[in-house]
Structures are given as C-alpha cells and as structure tokens.
Amino acid sequence: MDKLIVANWKMNGNSAKVAEDLALYALNPATNKPNVVLALPVLYLPIARQILDKAPAKLGLASQDVSKFASYGAYTGEVSSNMLQEFGVGYSIIGHSERRMFLHESTHTLVKKIDAAIMSGIIPIFCIGEEKAVRNSGKYIEVLTEQLELLHQIEVPVKELVVSYEPFWSIGTGVLPSNDEILEIMNLIHTFVQNYLPRAKVTVLYGGSVTGTNAKEILSMPEVGGVLVGGTSLNVTDFVAICSYI
Ligand code: PGA
C-alpha cells in the first residue's frame, strides 16, 4: 500500500510561496502523487486548487481544521466541510495538539468535526499524542487509548480514516521517539481500529520532527503508514527528499 505524506504548513507561507512550491511539486515525480497531501492555511486552498488543476497535478489537499458545524449556517468565522469539499479538499487534520492546547478543543468538538468531515466525503486525519510528563509517568498507553476511545462516539459510518500519532514532546523539538517507541504506539492504534472499525480503511501516521534525514528509516517500518511533516515541509528540498521515499 502506498504510504501517505502530509505536509502541515501550520500558520506559515504566503500566496507567492504557495504558487512557487506547488508549481515545483506538480512537475516533480517525487511529489506529484495522490498520496502526497498539502495541508495549507485555509485561505490558500482555493489558490492551490487552481494551480493543481491547471498543471494538472495529482497532489492532494488538506485543511488544518474544519468546523464542527456541518454544511451552512449562522456560525461567524467558521469554514464548513462542505465548503472545503467544494475546493477538492480530500483530508482535514482534526485534533492537532496545537489546537487541543491553544484553542482548548474538547472531545465533543473533535467528534463533531470528524462527523462533519466524513459527511462531506473528507477523510479525517485524527491526531493523538501525549505530553512529556505523561510519557515519563508511564501512563501514556492509558492516555492515548482514552484519546482513541473518542472514535466510539462517531455517529456516521466510517469508510476511511487516518490516525496520526504525534507525541507533543517531539513536535518542533528535533527529539524523536525510538523506533521501538513508535512501533509500540503504531501497534496500539492498529489493534484499536481493527477491533473497533474492522471494515474501515485506516492509515496510521507518525508525526513529530520528521526530516529529510530521518524520514527514510521511519517510513521503512511496515507498521508506519506514512508521516505528517510540520516544519520541514516548508523547505522544498527537504520535503522532496521525504516524498522520494514513498
Ligand atoms: P514538526 O511538526 O514536524 O514541526 O515537528 C509535526 C506536527 O505538528 O505534526
């Protein structure tokens, strides 16, 4: 199965960078693949759509978030999954640790977002992860299982889902878990989804300090279905290198 690479630009970039980088990615066989997905700031997704359609290019698009309110309505400032879908957005990152931490997203909110995305035909990229103190306390399996249990509350049928394991302590720090530590959590997630969503196609990603240097080893692990790349995805050379491994 093809591995999935998700570039999470977070709140970075500008329209010129979107135009330049996507023009390069559309022409490069290493990046011009449907399993290379760009999670751009929402404002740039329509620009990206135009560039990719014009090329034409196979890369996918993701939003970094989605409204918990489905379709349309009086929800000032929100962007619905229907609106994202109109621009060919295939995936939405949901529950990234930065949103859990800085925007205090609750379990209820995350479940509603997953439901809304699925209802619009968008594949959720559901993020889970533990803080350093939790890892050190040895309670990380309980904490991650609790986060996974949120999937029990999804109200719509799940055909396809991405789960991304992103330890908080690895995001943007250059500190990577060992291969064994990654493997332990990949297995936890695989077991959970096999029991709970046996008919769904589920891809399990690793995210946190992935670079052009360490991506090859991480991606070579059969249990790892791909990577979610933050900071390094802003660097074209490094991002192309990561994509060349799939
Ligand atoms: P990073 O971010 O690659 O910059 O560590 C990863 C993430 O936010 O998922």
Side-chain angles (χ1 to χ4, degrees), residues 3-13 17 21 25 31 35-42 44-45 60-66 89-105 110 113-114 117 123-132 134-135 140 143-144 147-148 150 161-179 181-182 185-186 188-189 202-221 223-246:
K3 302 219 172 187
L4 180 68
I5 310 277
V6 182
N8 180 9
W9 281 24
K10 310 192 178 183
M11 198 174 75
N12 291 298
K17 180 171 171 62
D21 291 9
Y25 294 154
T31 45
N35 46 328
V36 171
V37 173
L38 305 172
L40 307 177
V42 69
Y44 300 138
L45 289 169
L61 291 176
S63 63
Q64 299 172 10
D65 183 38
V66 62
V89 171
Y91 297 83
S92 286
I93 298 176
I94 294 172
H96 190 281
S97 63
E98 285 150 15
R99 296 195 62 86
R100 289 183 193 248
M101 214 173 343
F102 303 133
L103 293 135
H104 311 291
E105 290 192 342
L110 298 183
K113 289 184 175 196
I114 293 175
I123 301 166
I125 303 175
F126 175 54
C127 301
I128 64 166
E130 83 286 359
E131 288 171 45
K132 189 67 189 166
V134 172
R135 165 70 50 175
Y140 57 96
V143 167
L144 293 169
Q147 292 176 21
L148 284 170
L150 173 146
L161 178 74
V162 180
V163 180
S164 189
Y165 170 54
E166 311 195 354
F168 290 19
W169 45 277
S170 180
I171 295 178
T173 60
V175 180
L176 222 72
S178 67
N179 285 357
E181 285 171 331
I182 294 177
I185 309 305
M186 294 293 116
L188 174 82
I189 300 171
V202 181
T203 305
V204 185
L205 309 183
Y206 169 76
S209 294
V210 175
T211 64
T213 317
N214 60 32
K216 190 175 183 186
E217 191 175 336
I218 299 171
L219 286 164
S220 71
M221 297 168 69
E223 294 79 5
V224 174
V227 286
L228 194 149
V229 190
T232 300
S233 71
L234 293 163
N235 180 299
V236 171
T237 312
D238 286 339
F239 188 64
V240 170
I242 294 172
C243 295
S244 68
Y245 300 130
I246 58 163

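Atoms within a ligand are numbered from 1 in the order they appear, just like the ligands themselves.
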query = Quick check: does any side chain N or O of S164 sit under 3.5 Å from a backbone N or O of Y206, one acting as donor and the other as acceptor?
reply =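 Checked: no pair found.
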key: Test item: Q64 side-chain N/O and A39 main-chain N/O as donor-acceptor pair under 3.5 Å   =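 Side chain of Q64 to backbone of A39: a pair is present.
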query = Which atoms form the tightest heavy-atom contact between D21 and L234, and what is the distance?
reply =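 Nearest heavy atoms, D21 then L234: OD2-O, 4.3 Å.
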inquiry  = Please give me the minimum heavy-atom distance between L4 and L205, naming the atom from each residue.
reply    =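 Reported closest heavy-atom pair: O-CD2, 3.9 Å.
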Find all protein N or O atoms under 3.5 angstrom from an N or O atom of ligand 1 and list the pairs with distances, or write 'none'.
from	atom 1	to	atom 2	distance (Å)
ligand 1	2 (O)	K10	NZ	3.3
ligand 1	3 (O)	G230	N	2.8
ligand 1	4 (O)	G231	N	2.8
ligand 1	5 (O)	G172	N	2.6
ligand 1	5 (O)	S209	N	2.8
ligand 1	8 (O)	K10	NZ	2.7
ligand 1	8 (O)	H96	NE2	2.7
ligand 1	9 (O)	H96	NE2	3.3
ligand 1	9 (O)	E166	OE1	2.6
ligand 1	9 (O)	E166	OE2	3.3

inquiry  = How long is the straight-line distance from NZ of K3 back to CD1 of I242, given to the nearest 0.5 Å?
reply    =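 It comes to 14.0 Å.
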key: Trace of the side chain to side chain donor-acceptor pair (under 3.5 Å) decision for S63 with S92   = CA-CA 5 Å; S63 63; S92 286; 2.7 Å; yes
